[in-house]
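Right, one structure below, let's go through it.
In what follows, chains are A, B, ... by sequence order, proteins preceding strands, each numbered from 1. All values reported here derive from a predicted model rather than from experimental measurement.
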There are 2 protein chains.
Amino acid sequence: MKRIADSTVRRLSMYLRYLEELDTRGQKTASSDELAQLCGTTPAQVRKDLSFFGSFGKRGLGYPVHELTAHLREILGLEREWKVVIVGAGKIGAALANYRGFKQRGFQVVGVYDNNPDKIGQPWGEAIVRDIADLERDVEREQVLIAVLAIPSDDAQQVVESVVRAGVRAILNFAPTQISVPPHVSLKSVNMAMELEGLSFALTNAAGNKGAA
Amino acid sequence: MKRIADSTVRRLSMYLRYLEELDTRGQKTASSDELAQLCGTTPAQVRKDLSFFGSFGKRGLGYPVHELTAHLREILGLEREWKVVIVGAGKIGAALANYRGFKQRGFQVVGVYDNNPDKIGQPWGEAIVRDIADLERDVEREQVLIAVLAIPSDDAQQVVESVVRAGVRAILNFAPTQISVPPHVSLKSVNMAMELEGLSFALTNAAGNKGAA
DNA sequence: CTACCTTTGTGAAGTATTTCACAAGCTCAA
DNA sequence: TTGAGCTTGTGAAATACTTCACAAAGGTAG
């Protein structure tokens with residue numbers, strides 16, 4: 001199968017979000033045009049994105065909402081549960097663990113870790129903060145495949161290496177630093193400073209910039 | 001001036017981060033190769049990115065760390081202070097307000113707003129949570145140009161319209177929904193669900209995916 | 001059953017971004 | 001001053017992504 005662009009995957013995720021909403025409302029079909037408007041893209045883009053994975057629509061009618069929802073879930077790998085560990089019991093970690101969409105989409109937080117003795121053992125949402133010293137062992141035993149890093153930059157690479165050794169295959173990094181992973185591990189980084197600086201740039205060099213989502 | 005790609009701006013931001021580090025350590029020059037390795041990109045990319053804005057390097061030697069740092073700050077619009085309001089006094093808002101890099105880079109949080117009566121008036125970091133009803137008036141009076149939205153999806157569009165009316169020109173949106181802004185307003189969205197689903201996709205369709213930063 | 005309207009799926013065209021590759025410039029050493 | 005060794009800056013090539021545009025279907029009304 002052809003390589004799928006990252007931008008395409010992000011849009012699929014967005015289509016899914018709005019299809020679920022339409023499905024809840026009982027809408028039976030949606031055209032590429034309708035989806036495009038909801039998601040802020042173009043009809044051609046919607047059709048092209050979906051066409052990488054099959055022919056889900058009916059000409060003259062549009063896409064069957066409920067079925068397409070199921071297809072997208074499958075494509076994105078959301079039919080199964082993914083075990084996730086959160087490393088770093090700070091504010092970002094808390095925001096993530098709190099986030100409802102998380103569980104809804106099949107991401108099950110099996111543990112929260114920190115290296116601060118004041119936090120270890122404290123209750124934290126439904127869980128209890130564990131010692132980061134146990135992270136590697138736990139990840140291996142529970143076969144966790146996804147780790148979310150919400151820790152200071154200096155500790156990030158070290159934790160990455162530890163969880164990768166333990167079998168983690170995907171990492172979502174909130175530390176504002178570059179980290180490196182072996183080729184078989186997927187990595188996404190979210191960097192708030194970068195986003196804000198992007199806005200600063202846009203404001204500074206304003207000359208009819210259109211804002212991008 | 002030619003339009004600068006979003007990806008380029010993000011990399012500039014990253015170069016800046018590492019240049020500051022090198023500068024602190026007293027390193028005088030850095031080659032495109034060194035920067036590329038630190039940032040996980042290629043030397044050609046570094047040179048091309050910088051070349052959009054001028055010739056900062058010396059052939060045979062590399063880029064002068066301290067000067068380039070200053071140039072990048074200027075390019076990114078970080079020489080001035082930007083007033084920022086945070087809308088939504090939840091976990092994400094807290095994570096942002098807490099974030100040191102924020103102030104360091106010249107983003108000054110002038111107010112935190114919420115619509116929950118239990119939160120309004122409560123201390124929150126160094127500030128006090130204000131009533132969202134006052135948001136529009138305050139933004140206008142203080143001439144705030146940047147708003148960060150950390151509120152539920154349903155409220156997002158409405159708040160956007162309010163702050164845009166009040167003069168905001170850039171929005172960083174953490175609500176997992178599509179929002180629309182007039183052409184003169186810049187918008188960036190961070191969507192954790194989307195990132196995680198991207199990882200789920202990568203794991204599901206694993207076939208030698210290289211992890212992207 | 002036919003005519004007409006709508007909307008998909010998709011090659012081809014058009015843009016945008018990244019990578020290549022190399023002339024030109026700077027430093028240093030002798 | 002010259003030559004060797006690096007490293008930049010940049011058109012051109014390659015690749016990636018988006019948009020176009022239209023034939024092929026499905027639906028519906030009469």
Side-chain angles (χ1 to χ4, degrees), chain A residues 1-15 19 22 27-69 71-72 75 198 201-202 208-210 212-213, chain B residues 1-15 19 22 27-65 67-69 71-72 75 198 201-202 209-210 212-213:
Chain A
M1 191 205 266
K2 207 170 155 268
R3 196 186 161 279
I4 301 299
D6 208 61
S7 49
T8 296
V9 177
R10 298 169 70 90
R11 283 191 300 268
L12 292 178
S13 179
M14 192 151 44
Y15 303 152
L19 283 165
L22 295 177
Q27 187 170 328
K28 294 304 178 208
T29 63
S31 67
S32 57
D33 200 28
E34 179 171 9
L35 277 176
Q37 280 201 281
L38 287 171
C39 299
T41 180
T42 66
Q45 184 78 79
V46 173
R47 297 201 297 276
K48 180 66 88 179
D49 285 340
L50 295 175
S51 77
F52 290 133
F53 302 93
S55 284
F56 305 116
K58 276 209 176 64
R59 292 172 191 226
L61 195 60
Y63 297 90
V65 171
H66 192 74
E67 288 175 44
L68 184 53
T69 301
H71 277 302
L72 283 178
I75 289 165
F201 177 84
N209 312 305
K210 248 183 34 195
Chain B
M1 191 205 267
K2 207 173 154 259
R3 195 187 160 277
I4 300 299
D6 208 63
S7 48
T8 296
V9 178
R10 299 169 69 88
R11 282 190 302 267
L12 292 179
S13 178
M14 193 151 43
Y15 302 153
L19 283 165
L22 295 178
Q27 186 169 329
K28 294 303 177 209
T29 62
S31 67
S32 57
D33 200 28
E34 180 172 8
L35 276 176
Q37 279 200 280
L38 286 171
C39 300
T41 179
T42 66
Q45 184 79 77
V46 172
R47 297 201 298 276
K48 179 68 89 178
D49 286 340
L50 294 175
S51 77
F52 290 133
F53 301 93
S55 282
F56 306 116
K58 275 210 176 65
R59 296 176 188 222
L61 197 61
Y63 297 90
V65 170
E67 288 176 43
L68 184 53
T69 302
H71 278 301
L72 284 178
I75 290 165
F201 177 83
N209 312 304
K210 246 179 40 191

Notebook entry, point to check: Expressed in angstrom and rounded to an integer, what is the separation of Asp33(B) atom CG from dT8(D) atom C1'?
Noted result: 12 Å
Margin query: Can you measure Lys28(B) atom NZ to dT7(D) atom C1' for me and round it to whole angstrom units?
Written below: 20 Å
Next item on the list: Report the distance from atom CZ of Phe201(B) to atom OG1 of Thr8(A), rounding to the nearest 0.5 Å.
Entry: 8.5 Å
Next item on the list: Starting at atom CZ of Arg10(B), determine the distance to atom C1' of dT17(C), rounded to an integer number of angstrom.
Entry: 15 Å
Margin query: side-chain contact (heavy atoms from CB on, under 4.5 Å) for Val9(A) and Ile75(A)? Distances and angles first, verdict last.
Written below: CA-CA 9 Å; Val9(A) 177; Ile75(A) 289 165; over 6 Å; no
Next item on the list: Give, for atom SG of Cys39(A) and atom CG of Asp49(A), the distance between the pair rounded to the nearest 0.5 Å.
Entry: 10.0 Å
Next item on the list: Indicate for each nucleotide in nucleotides 12-22 of chain D, in 5' to 3' sequence, whether protein heavy atoms under 4.0 Å reach the base (B), only the sugar-phosphate (S), or nothing (-).
Entry: B----SSBBB-
Item checked: dT7(D) phosphate, OP1 or OP2, under 4.0 Å from Ser32(B) side-chain N/O -> no
Notebook entry, point to check: If you look at every heavy atom in Leu35(A) and Ala30(A), which pair is closest and at what distance?
Noted result: CG-CB, 4.4 Å
Next item on the list: Using atom OH of Tyr15(B) as one end and atom P of dT8(D) as the other, report the distance to the nearest whole Å.
Entry: 12 Å
Next item on the list: Please list, chain by chain and in numerical order, all residues satisfying side-chain hydrogen bond (donor to acceptor under 3.5 Å, both in side chains) with Gln27(A), sequence neighbours excluded.
Entry: Glu34(A)
Check: Is any side-chain nitrogen or oxygen of Tyr63(B) closer than 4.0 Å to OP1 or OP2 of dG9(D)?
Finding: yes
Under 3.5 Å, which donor-acceptor pairs do the side chains of residues 50-67 of chain A form with other protein atoms, sequence neighbours left out?
unit_1	atom_1	unit_2	atom_2	d
Ser51(A)	OG	Lys48(A)	O	2.8
His66(A)	ND1	Asp23(A)	OD1	3.2
His66(A)	ND1	Asp23(A)	OD2	2.7

Check: Can you name the nearest heavy-atom pair linking Pro43(B) to Asp33(B), along with the distance?
Finding: CG-OD1, 3.2 Å
Checklist line | Partners passing salt bridge (charged side-chain N to carboxylate O under 4.0 Å, His left out) against Arg10(B) (at least two apart in sequence or in another chain) | finding: Glu195(A)
Margin query: Only Watson-Crick and G-U wobble pairs with both distances less than 3.5 Å should count. Give DNA chain C in dot-bracket notation, marking inter-strand partners with |.
Written below: ||||||||||||||||||||||||||||||
Next item on the list: Hey, could you give me the OG1/CG distance between Thr69(B) and Leu22(B), rounded to the nearest 0.5 Å?
Entry: 8.0 Å
Checklist line | Distance, rounded to the nearest Å, where Phe56(A) contributes CZ and dT10(C) contributes P | finding: 11 Å
Next item on the list: Round to a whole Å and report the spacing from CG of Leu68(A) to C1' of dT8(C).
Entry: 13 Å
Note to self: Distance check, rounded to the nearest 0.5 Å: Met14(A) atom CE versus Thr41(A) atom OG1?
What the structure shows: 7.0 Å
Check: When you check every protein heavy atom under 4.0 Å of nucleotides 24-30 of chain D, what one-letter string (B, S, -) results, 5' to 3'?
Finding: BBS----
